[in-house]
Visitor: 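This is the structure, below, for whatever I ask next.
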Amino acid sequence: MPLTNQVILITGAGGGLGSTAALALAKQGAQIILLDKSIPKLEAVYDAIKVANVPEPIMYPFDLAGANESEYQELADKIEEKYGALQGVLHSAVEFIGYTPLALQATKDWGHTLNVNLNAPFLLSRVLLPVLQKSQTASVVFTSDSSARSAAAYSGAYGVSKIALEGLAKILAEELESFNKIRVNVFIPGPVDSPLRKRAYPAEDKSKLPKMESLAAAYLYLFGSQSIGVTGQTIDARTFHL
């Protein structure tokens with residue numbers, strides 16, 4: 001299996017895309033660290049991976065928005081202590097409260113959304129960089145949205161966070177490129193039949209959308225050997241072909 005001996009951390013692992021990625025990468029031999037604040041969701045993904053008869057994942061309950069800096073560092077220290085190095089990070093956790101005009105955007109919702117969608121990926125990436133650097137090659141993937149660059153009306157804090165997240169990914173890729181170890185890319189799943197899509201577009205006919213499992217090949221590419229040397233890029237699932 002191409003990802004044997006690869007340790008990959010996935011945030012939002014209990015969510016639709018996070019769990020899809022976790023199962024797809026585990027089936028290719030990866031040791032998955034499942035990170036989510038919901039223990040029941042973590043357990044569901046854990047059980048699905050166990051049934052697949054692949055490397056047993058690790059569950060790590062963690063509240064990205066509520067954790068302080070020392071708790072982020074503790075997570076990094078535990079990963080280094082247990083595995084010595086880390087080969088991948090998938091930032092899949094997302095907060096989407098709903099489409100709202102900026103004039104009506106609640107301050108609390110604004111702050112919480114930015115914490116989950118932007119501040120947490122920054123903090124987590126920063127504390128994990130030393131552990132990622134201990135790998136011969138490693139991959140960091142930020143999950144964005146197909147509408148991010150259009151800055152659509154009413155996308156509010158969610159839209160702002162995704163625009164900023166793509167900027168964060170680009171800056172990090174530029175800073176790490178000369179080390180030739182850690183590749184940093186943005187992944188755009190596009191419209192798929194996911195829980196977030198259901199919340200965003202409740203009246204849409206989801207039967208016409210691709211299933212989340214259709215993203216498996218893109219996830220394998222982003223964390224597999226084929227993408228070594230590819231950094232600072234945006235991979236859109238709608239146009240992705242191996």
Side-chain angles (χ1 to χ4, degrees), residues 8-13 15 17-18 21 33 35-37 62-73 75-76 79 86-97 102 105 109-133 135 137-152 155-190 196 215 218-219 221-223 227-237 240:
I8 301 172
L9 182 146
I10 299 177
T11 72
L17 297 184
I33 303 171
L35 191 145
D36 201 289
K37 67 178 181 180
F62 194 83
D63 183 357
L64 290 167
N68 58 38
E69 200 164 339
S70 63
E71 288 169 321
Y72 274 88
Q73 187 60 56
L75 167 62
I79 292 173
L86 186 65
Q87 286 75 46
V89 179
L90 172 60
H91 294 286
S92 193
V94 63
E95 182 65 48
F96 174 77
I97 295 171
L102 286 174
Q105 180 86 66
D109 292 343
W110 175 273
H112 182 67
T113 301
L114 290 180
N115 272 338
V116 175
N117 295 354
L118 181 61
N119 297 338
F122 157 70
L123 268 173
L124 192 58
S125 298
R126 191 186 71 187
V127 298
L128 288 176
L129 280 178
V131 197
L132 290 160
Q133 290 279 16
S135 300
T137 62
S139 175
V140 177
V141 178
F142 294 88
T143 307
S144 190
D145 188 289
S146 55
S147 64
R149 291 184 192 85
S150 66
S155 57
Y158 173 81
V160 170
S161 68
K162 290 302 181 181
I163 293 168
L165 188 73
E166 292 197 16
L168 168 64
K170 180 65 175 174
I171 292 169
L172 186 60
E174 290 281 344
E175 292 181 0
L176 297 176
E177 189 172 17
S178 62
F179 293 97
N180 203 29
K181 272 191 170 187
I182 305 173
R183 58 196 185 276
V184 181
N185 294 292
V186 172
F187 178 54
I188 296 179
L196 188 147
L215 304 174
Y219 284 123
Y221 168 77
L222 286 163
F223 289 97
S227 65
I228 292 175
V230 177
T231 191
Q233 302 301 307
T234 297
I235 309 299
D236 192 322
F240 172 77

Visitor: Using 0.5 Å steps for rounding, measure from the CG atom of D63 to the CG atom of D36.
Guide: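 Going from the CG atom of D63 to the CG atom of D36 covers 9.5 Å.
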Visitor: Rounded to the nearest 0.5 Å, what separates atom CG in L86 from atom CG in L132?
Guide: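 The CG atom of L132 is 4.5 Å from CG of L86, to the nearest 0.5 Å.
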Visitor: Do V127 and L75 make a side-chain contact, defined as non-hydrogen atoms from C-beta onward lying under 4.5 Å apart?
Guide: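 When only atoms from C-beta onward are counted, L75 and V127 do not touch, as no gap falls below 4.5 Å.
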Visitor: Between D145 and Y158, is a side-chain contact (heavy atoms from CB on, under 4.5 Å) present by the stated rule, with each step listed?
Guide: CA-CA 10 Å; D145 188 289; Y158 173 81; 2.6 Å; yes
Visitor: How long is the span from the OG1 atom in T231 to the CD1 atom in I182, to the nearest 0.5 Å?
Guide: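 Those atoms lie 9.5 Å apart.
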Visitor: Considering all heavy atoms of both residues, which atom of S125 and which atom of H91 are nearest to each other, and what is their separation?
Guide: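 Heavy atoms of S125 and H91 come nearest at OG-NE2, 2.9 Å.
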Visitor: Which pair of heavy atoms, one from V186 and one from A169, lies closest together, and at what distance?
Guide: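 That closest heavy-atom pairing would be CG2-CB, 3.5 Å.
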Visitor: Would you give the length of the straight line joining atom OH of Y72 to atom CG of N68, rounded to the nearest 0.5 angstrom?
Guide: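 If we round to the nearest 0.5 Å, Y72:OH and N68:CG are 9.5 Å apart.
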Visitor: For residues L222 and S139, report the shortest heavy-atom separation together with the two atoms involved.
Guide: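 Looks like O-OG, 2.8 Å.
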Visitor: Using every non-hydrogen atom in the two residues, find where A237 and P189 come nearest and quote the distance to one decimal.
Guide: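 Minimum heavy-atom separation between A237 and P189: CB-O, 3.3 Å.
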Visitor: Looking at Y221, is its backbone amide N or carbonyl O close enough to the side chain of S227 to form a donor-acceptor pair, meaning the two atoms are under 3.5 Å apart?
Guide: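 Yes, the answer is positive, given that a donor and an acceptor are paired below the 3.5 Å cut-off.
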Visitor: Measure the CD1-CZ distance between I8 and F223 for me, rounded to the nearest 0.5 Å.
Guide: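 The CD1 atom of I8 sits 5.5 Å away from the CZ atom of F223.
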Visitor: In sequence, state the C-alpha distance, the side-chain angles, and the governing distance for F179 and Q133, and then conclude on side-chain contact (heavy atoms from CB on, under 4.5 Å).
Guide: CA-CA 9 Å; F179 293 97; Q133 290 279 16; 4.2 Å; yes
Visitor: Carefully, step by step, assess L196 and V94 under the rule side-chain contact (heavy atoms from CB on, under 4.5 Å).
Guide: CA-CA 9 Å; L196 188 147; V94 63; 3.4 Å; yes
Visitor: Output yes when a side-chain donor or acceptor of K162 lies under 3.5 Å from a complementary backbone atom of T143, and no otherwise.
Guide: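 Yes, because the side chain of K162 sits within donor-acceptor range (under 3.5 Å) of the backbone of T143.
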Visitor: Is it true that E69 and R126 make a salt bridge, defined as a side-chain N closer than 4.0 Å to a carboxylate O?
Guide: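 Yes, charged N to carboxylate O under 4.0 Å.
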Visitor: Do L129 and V131 come within less than 4.5 Å of each other through their side chains, counting heavy atoms only?
Guide: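 They are not in contact (no side-chain heavy atoms under 4.5 Å apart), so the answer is no.
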Visitor: Would you tabulate the side-chain donor-acceptor contacts of residues 109-124 under 3.5 Å, counting partners in other chains and residues two or more places apart, or write 'none'?
Guide:
| unit_1 | atom_1 | unit_2 | atom_2 | d |
| --- | --- | --- | --- | --- |
| H112 | NE2 | E95 | OE1 | 3.3 |
| T113 | OG1 | D109 | O | 2.8 |
| N115 | OD1 | N119 | ND2 | 2.7 |
| N115 | ND2 | G111 | O | 3.4 |
| N117 | OD1 | E95 | N | 2.7 |
| N117 | ND2 | E95 | O | 3.0 |
| N117 | ND2 | S161 | OG | 3.1 |

Visitor: Using every non-hydrogen atom in the two residues, find where Q233 and N185 come nearest and quote the distance to one decimal.
Guide: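 That would be N-OD1, 2.9 Å.
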Visitor: How many angstroms lie between CG in L168 and OG in S144, if you round to the nearest 0.5 Å?
Guide: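 That separation rounds to 11.0 Å.
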Visitor: Please step through side-chain contact (heavy atoms from CB on, under 4.5 Å) for the pair V140 and L90, ending with a clear verdict.
Guide: CA-CA 6 Å; V140 177; L90 172 60; over 6 Å; no
Visitor: Do the side chains of K181 and T137 get nearer than 4.5 Å, heavy atoms only?
Guide: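 SC-SC contact between T137 and K181 ruled out.
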Visitor: Is F142 close to E166 at the side-chain level, that is, under 4.5 Å between some pair of heavy atoms?
Guide: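 When only atoms from C-beta onward are counted, F142 and E166 do not touch, as no gap falls below 4.5 Å.
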Visitor: Would you name the heavy atoms of S135 and Q87 that are closest together and state the gap between them?
Guide: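 Residues S135 and Q87, closest heavy atoms: OG-NE2, 2.9 Å.
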Visitor: Does the side chain of L17 reach to within under 4.5 Å of the side chain of Y219, using non-hydrogen atoms?
Guide: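 A side-chain contact exists here, since the closest heavy-atom pair is under 4.5 Å.
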Visitor: Looking at side-chain heavy atoms only, is the closest gap between I188 and I235 below 4.5 Å?
Guide: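 Heavy-atom side-chain distance check fails, nothing below 4.5 Å.
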